[in-house]
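Worksheet for the structure shown next.
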Number of protein chains: 2
Amino acid sequence: MALEHAILVSLLEKPGSGYELARRFERSIGYFWTATHQQIYRVLKRMESDGLLGVREVPQQGRPDKKEYSVAGLGRAALSQWLHEPIESESVRHDLAVKIRGAAFDDPSALIHEVERHRQVHSDRLAHYLAGELCDFTGPEASAPPDAGQELQHVVLRGGIAYERMTIAWLDDVLATVHRLGASRPRT
Amino acid sequence: MALEHAILVSLLEKPGSGYELARRFERSIGYFWTATHQQIYRVLKRMESDGLLGVREVPQQGRPDKKEYSVAGLGRAALSQWLHEPIESESVRHDLAVKIRGAAFDDPSALIHEVERHRQVHSDRLAHYLAGELCDFTGPEASAPPDAGQELQHVVLRGGIAYERMTIAWLDDVLATVHRLGASRPRT
DNA sequence: TCCTTCTATGCAACTCGTTGCATAGACAAG
DNA sequence: CTTGTCTATGCAACGAGTTGCATAGAAGGA
């Protein structure tokens, strides 16, 4: 279970409430890890009762009070231990690949629309990443020497960019293949 | 839940028992979908009682009898319906990206070993895919015109190959970045 | 004024997925 | 002769993740 560790990293980067974490999981961290607010609140509570996190009630004006969590010594130790353990898996779940193979037993025109839709999603996401890269990592380029945290965030983002580019090229390959099949073998 | 649909596709490609499906999920289909035998047996039972699949008891010699499942009309209809629905998500879970960002708060040497290990895994997997491609998709190239199912399986495999290549290149980028950080900023 | 949206937290119920364990016959190696 | 591996199926328990719903004050627009 790495959700705990993702939360530890995020809170080390900047302390925050469950709500704020949920927002981060929709953005920067969400590029490579998804979580709903339910999961986050539940796990935060458990981590706090396990002594991994500290809480601080922060009263606010014009909006509800929030609980700001930060990483305690135990939490930092737990993260460090996890960083030194090997991890496995990256369990793959590619619905689209299932669909592509399934298209052999069905009308391929539905597949074409689906693939085009996915291509659009990945294309938009790529544009979003590139905009974020411009904004976050090329602004004060000559000014401050970028710190380690920034460099590491940047290389993760570059991974996202490479993934989207690769995916778009592959989806084009899929489209070309399906069209070729449709042209050369009009009957099912 | 697309496990049902992955099973339908696999059984359409070739009927088989739960055990055989589990083996396939370790290989070809496992390239883009993982499932344990527990999940498979449980889902097969449910799908059969829902009328999506038919069963046939096959006695065998020298080994236990097996239940060979095949797709019933209802199952085929369910698959067809799913193929015509849009799907979302591809929910991302990249433990390694969490670790990379976490390395900003820890000794990066552990990260280097981990990244090198992953690079090896992906490199092996790429070699495995390429061997599979040679074997399955370039053998009788000029002889028979490849059918739609084969072409679609091939394009899925090409996706896996592109993914591994991209990942290896990215891991090299990660390694270069971490080394650069270690060289330029020897103190934490 | 009412409706929606945003911040902020949480419960309850459910499904999905993993892990550990059990059975059981056949076969091969030590 | 015992141990281990392969085929083949399955139960029980747990943990992870999703969905629906609820509360509640503040702000802004129709």
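Proteins come first, then strands; the chains are lettered A, B, ... in the order of their sequence lines, and each starts at number 1. Note that this is a predicted model, so its numbers are computed, not measured.
Relative orientation of the B:W170 and B:H94 rings is perpendicular, given thresholds of 30° and 60° on the angle between their planes. Between A:Y129 and A:Y31, the ring planes are tilted. Angles from 30° to 60° get that label.
In this structure, B:E20 pairs ionically with B:K66, as a charged nitrogen and a carboxylate oxygen lie closer than 4.0 Å.
When the nucleotides C:dT19, D:dA8, C:dT9 are ranked by their closest atom to the side chain of B:Q38, C:dT19 comes out on top. Among the nucleotides D:dG17, D:dT9, C:dC16, the one closest to the side chain of A:L3 is D:dG17. Listed candidates were C:dT7, D:dG17, D:dT7. Nearest to the side chain of B:R23 is D:dT7. Comparing atom distances between the B:Y41 side chain and each of D:dA8, C:dT18, C:dA8 picks out D:dA8 as nearest. Picking from D:dT7, D:dT18, C:dG17 the nucleotide with the shortest atom distance to the side chain of A:R42 gives D:dT18.
B:K45 has a side-chain polar atom (N or O) that falls below the 4.0 Å cut-off from OP1 or OP2 of D:dC11. For A:S17, no side-chain nitrogen or oxygen approaches OP1 or OP2 of C:dT7 to under 4.0 Å.
The distance between atom CD of A:E57 and atom P of C:dT9, rounded to the nearest whole Å, is 9 Å. Computed from coordinates, the A:L44 CG to D:dG17 P distance equals 14 Å when rounded to whole Å. Here the P atom of nucleotide D:dA24 and the OH atom of A:Y19 are 18 Å apart, to the nearest Å. Separating the CD atom of B:Q60 from the P atom of D:dC6 is a distance of 17 Å, rounded to the nearest angstrom. Between A:E68 atom CD and C:dT7 atom C1' the separation is 15 Å, expressed in whole Å. Atom CZ in A:R56 sits roughly 13 Å away from atom P in C:dT9 (whole-Å rounding). With rounding to whole Å, B:R46 atom CZ is found 18 Å from D:dT9 atom P. Between the CD atom of B:Q39 and the P atom of D:dA12 there is a distance of 18 Å, rounded to whole Å.
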query = Given the rule in the salt bridge (Lys or Arg N to Asp or Glu O under 4.0 Å) test, do B:E133 and B:R158 qualify, once you have shown the distances and angles that lead to the verdict?
reply = CA-CA 8 Å; B:E133 188 182 33; B:R158 285 201 299 274; 5.4 Å; no
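Sorted by first then second residue, the ring-ring contact (aromatic ring centres under 6.0 Å, His included) pairs that include residues 147-169 of chain B, not counting sequence neighbours, are B:F137-B:H154.
Take the nearest nucleotide of DNA chain D for A:H37 and for A:E4: the residue whose nucleotide is more 5' is A:E4.
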